[in-house]
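Inspection log for the structure reproduced underneath, given as structure tokens.
Counting convention: from 1, in listed order, for ligands and their atoms alike.
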Amino acid sequence: MPSLNENYQNLEESYLFAEIARRVNVYEQSHPGKKIIRLGIGDVTKPLTKKAIEALHEAVDMQASPDTFRGYGPEKGYDFLRKAISGYYKRNGADVDPDTIFISDGAKSDTGNITDLFAKDNAVLVPDPVYPVYVDTNIMDGRKILYMDGTAENNFLPMPDENVKADMIYLCSPNNPTGACYNKEQLKVWVDYARKNQAVILFDSAYEAFVSDPELPRSIYEVEGAKECAIEFASLSKTAGFTGTRCSYTVVPKELVFTASNGKKMSLNEMWNRRHSTKFNGTPFIVQYAAAAVFTEEGMAECRENIAYYMENAKMIADVLRKKGIPFTGGVNSPYIWFECPKGMESWEFFDYLLENAQVVGTPGAGFGRNGKHYFRLTSFGQHESTAEAMERFDRLF
Ligand code: MLT
């Protein structure tokens, strides 16, 4: 009999979004005909952009001809895409060498899989609330997790505590779920803390494309010294509607070299390369080809148009919350709106209440950590009509 990874016993029974889907299914079965509006999981509703679709078609045709057909791709991803991403970074004010970019199939997979590079006895520092994948994947490995509180008092942007010693630090900015975004000065404090403590920052910038304030950083590499301490994860899921198409990228700078217990120097870039080439055979060629089209000028303009559309939804949601006097954050440099549950309700209680009485699905804050117990998240990734209808129902309810 195999002995099992018993750390799994320490996880919640199901993943947050799976539990939401389960509850919605139960409700749907017992209330046929009710029109449910889903503003829970941050899944896009706009189709892929014209440029991406054209490139996909072209790539499919390439796969049909012996002259242009591609089999296994290079382990880090195709050069044409890594160069395009490096150019995108440059336009946004960060200098990222294409050789440090690894193409993958999702920021979720990479933020989870990166734990392979680190020993089990590292102390992990995680903001609370935050995207549940960081906590769950470290629980799976049995690592010690230290939490830092994100509350209304610190604008949901926890800063380092010099008395806390961490080895791995997760930051997510713009934050999922709160929508709060660190400024450069704040990120610099994190970078200094990480360098002083020889810690690694695992920086999730999956929502960087939603930053509209030019003063706010879209990448941690806009901050001096970040290459000495930070790995960055980014994705085309929300930027370009690739949630079902799957393409992401992770930057592992070559400066990230640490001394192993036997005195040997180990490079995280080389380790990730080794892991990636051993356990992953790459994002499909046709998807990488479409992703490269996204990073062209025209492709980016199309993405910005879609993002502007979603941000109108964010405004609709924010307007109703403001009118009701419900405190909230996000919705400006982020597609998420995070607010206090009305009537002092707890978040799962509010989830059921909203589903039952308005047939609107959101995400209970408790799923992102204990500081989310009285909070709720709505996403702006719906269509205008359904978002407007959801907020009319919300307006009538309170
Ligand atoms: C979310 O709703 O938090 C995200 O869509 C989940 C994800 O990106 O995996």
- Task: Using heavy atoms and a cut-off under 4.0 Å, could you grab the residues that are in contact with ligand 1, chain by chain, numbers ascending?
- Result: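 Around ligand 1, where the cutoff is 4.0 Å for heavy atoms, the contacting residues are Phe17, Ile41, Gly42, Tyr131, Asn176, Tyr207, Lys238, Tyr336, Arg377.
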Ion pair check, [X] and [Y], cut-off under 4.0 Å:
X	Y	value
Lys227	Glu255	no
Asp116	Lys279	yes
Arg38	Glu28	yes

- Can the ring centroids of Phe203 and Phe233 be said to lie less than 6.0 angstrom from one another?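 No, ring centres 6.0 Å or more apart.
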- Query: If you look only at pairs with a residue in residues 327-346, which of them pass as a salt bridge (charged side-chain N to carboxylate O under 4.0 Å, His left out), with sequence neighbours excluded?
  - Reply: Glu346-Lys373
- Message: When you compare the side chains of Thr151 and Asn371, does any donor N or O come within less than 3.5 Å of an acceptor on the partner?
- Response: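 No, no side-chain donor-acceptor contact under 3.5 Å.
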